[in-house]
Amino acid sequence: MSKSSIVFFCNSCGNEFAKWSGQCPACHEWNTLVEATPFLKQERGRSNNISSKPAETFSVKQALASQGGYTFSTGIGEVDRVLGPGITKGGVYLLAGQPGIGKSTLLTQLAISIKSDVYYVCSEENPAQVATRIKRLSKNETGNIHLINTSLVDSICETIAKNPKSLVIIDSIQSVFTNQNVTTPGSPSQIRDSASLLIQTAKEHSTPLIIVGHVTKDGNIAGPKMLEHMVDTVLELSGDRQHLLRLLRTVKNRFGPTDETGIFQMTSVGLEEVKDPGAILLEGRVKNAPGSCLTMIMEGTRPLTVEIQALVVSSPLPIPRRIAKGISLNRLQLICAILTKHLHLPIGEKDVFVNVTGGLDIKDPGADLGIALAIISSAKDKPLSGNSICFGELGLLGEIRKVGFADKMLKEANTLGYTNIYSPNTHHNLKSIPL
Ligand SMILES: [Zn+2]
């Protein structure tokens, strides 16, 4: 390879540089420059033809009139809910999630439920494996799914160009490659170049494209950060592999809302839509046990009841442990500090463990009060009344602060029959809660 064909490519912003440096000169992130080959755009025969053709123009009226036929339903209610209008023609979607979380299962179910003709690119598995999964997930005929057995992006694009279908699924972007880039599949520049070609083809032929992207251990989508900027919508499928619940969220959505969450349950016949997630989350709950507290959080625009458990025990260690599962450790340490300062709760020499049941990962600060009450309940060995539920954010002064959608949560708590509701509406600080 000649010296001039090597550039350094920033994983974060996607800029290319002739020289390596520890910090990206453009976005100032550290350690993001990797060796790559420059993208050979001009070598594509077709792109030359396209650039010579004048672009089409539309009046606003024409554009609005054509909008109706631009989206179609996926046939899966929870997916449509998250996407907003359904799938948009020519839209490019990135479905991210940890390996084994159910991305391929969800997309196979989607391909089955759409019923119109779909390309499913098997680059990670062989067609027989995909076919076995399709057969397992569908009782009916699935003649609408056309499996493409290649990892070469250039041939995938040719297939789409020759005979466009109503949806193309690429499983996954880390395992496909284009001949225009000499690096191995999965390398940042390879992902960028492959995605770029696929996106261009999708837009040219108004064919929606769903790309699967794996997530690394630290929770980022593997490959260049710019992949997220290149696509129209970024969907994230998350959950705990040891548990049944799976959440589908939009991280970015050019076509609809970003605050909706689809809730699924993993079963032997694929992902099933969940209408009452509370029932799954509270299954097997021990009532009237010290250390258990029910709290309400918002998942998208839906209130969800979850159980928070705490265990406070004497510590044999000079520095007691604070261990959190399902909430951030910083949050737990902060809440322990608030309890020590404002309630004089004697947990300074105790280990504090907190767990959110059902494998959920809670970021909603409205769960603060629930975490605090679970810890108090365990420390005092006193159960909360069986009919109680709470929500509210804790301030550093021990005050209970208002959270978004409080009315919705109150209404839900009343509907579910909880009589003791601790919330910012009823209590203004921790001291006023009798426990
Ligand atoms: Zn950069």
Side-chain angles (χ1 to χ4, degrees), residues 1-44 47 51 90-99 103 123-124 151 153-154 156-157 170-203 209-238 249-255 258 328 330 361 363:
M1 194 187 297
S2 72
K3 218 177 171 187
S4 63
S5 67
I6 296 176
V7 291
F8 294 92
F9 165 79
C10 173
N11 261 338
S12 173
C13 65
N15 276 300
E16 285 174 1
F17 305 94
K19 274 198 298 187
W20 186 86
S21 58
Q23 188 185 26
C24 169
C27 69
H28 307 297
E29 287 285 327
W30 286 92
N31 299 323
T32 53
L33 293 197
V34 290
E35 206 175 294
T37 49
F39 189 26
L40 307 169
K41 271 185 209 140
Q42 287 315 311
E43 278 193 10
R44 287 190 79 205
S47 42
S51 58
V92 179
Y93 301 82
L94 175 67
L95 176 64
Q98 274 168 352
K103 298 185 293 295
S123 57
E124 213 156 84
S151 299
V153 167
D154 312 65
I156 299 168
C157 290
I170 311 279
D171 190 0
S172 65
I173 192 67
Q174 275 89 9
S175 59
V176 294
F177 66 96
T178 163
N179 278 337
Q180 296 177 45
N181 185 312
V182 293
T183 60
T184 51
S187 80
S189 72
Q190 182 63 263
I191 289 177
R192 173 199 60 181
D193 294 357
S194 299
S196 170
L197 289 175
L198 288 166
I199 292 169
Q200 198 181 340
T201 308
K203 299 285 176 198
L209 182 70
I210 303 181
I211 301 172
V212 172
H214 295 305
V215 161
T216 57
K217 254 194 180 147
D218 42 7
N220 294 318
I221 297 169
K225 190 95 192 138
M226 63 182 290
L227 183 59
E228 293 173 48
H229 302 305
M230 290 163 80
V231 301
D232 297 308
T233 296
V234 181
L235 298 162
E236 186 191 56
L237 186 66
S238 62
R249 298 192 183 96
T250 40
V251 180
K252 162 187 170 182
N253 194 355
R254 264 185 205 150
F255 309 121
T258 50
S328 89
N330 284 342
D361 219 347
K363 290 186 181 74

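Counting starts at 1 for both ligands and their atoms, following the listed order.
A donor-acceptor pair is defined here as one N or O able to donate and one able to accept, closer than 3.5 Å; such a pair exists between the side chain of Ser123 and the backbone of Asp171. Judged by distance alone, with hydrogens and angles left aside, the side-chain atoms of Gln23 form a donor-acceptor pair with the main-chain N or O of His28 at under 3.5 Å. Between the Lys103 side chain and the Glu236 main chain, no donor and acceptor come within less than 3.5 Å of each other. Using a distance-only test at 3.5 Å, with no hydrogens or angles considered, a donor-acceptor pair links the side chain of Trp20 to the main chain of Leu33. Side-chain atoms of Asn253 never come within 3.5 Å of backbone atoms of Thr233 as a donor-acceptor pair (strictly under, hydrogens ignored).
Within a radius of less than 2.8 Å around the Zn ion (ligand 1), the protein N, O or S atoms are Cys10 SG, Cys13 SG, Cys24 SG, Cys27 SG.
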Apply side-chain contact (heavy atoms from CB on, under 4.5 Å) to the pair Phe17 and Cys24, showing each step before the final yes or no. CA-CA 9 Å; Phe17 305 94; Cys24 169; 3.9 Å; yes
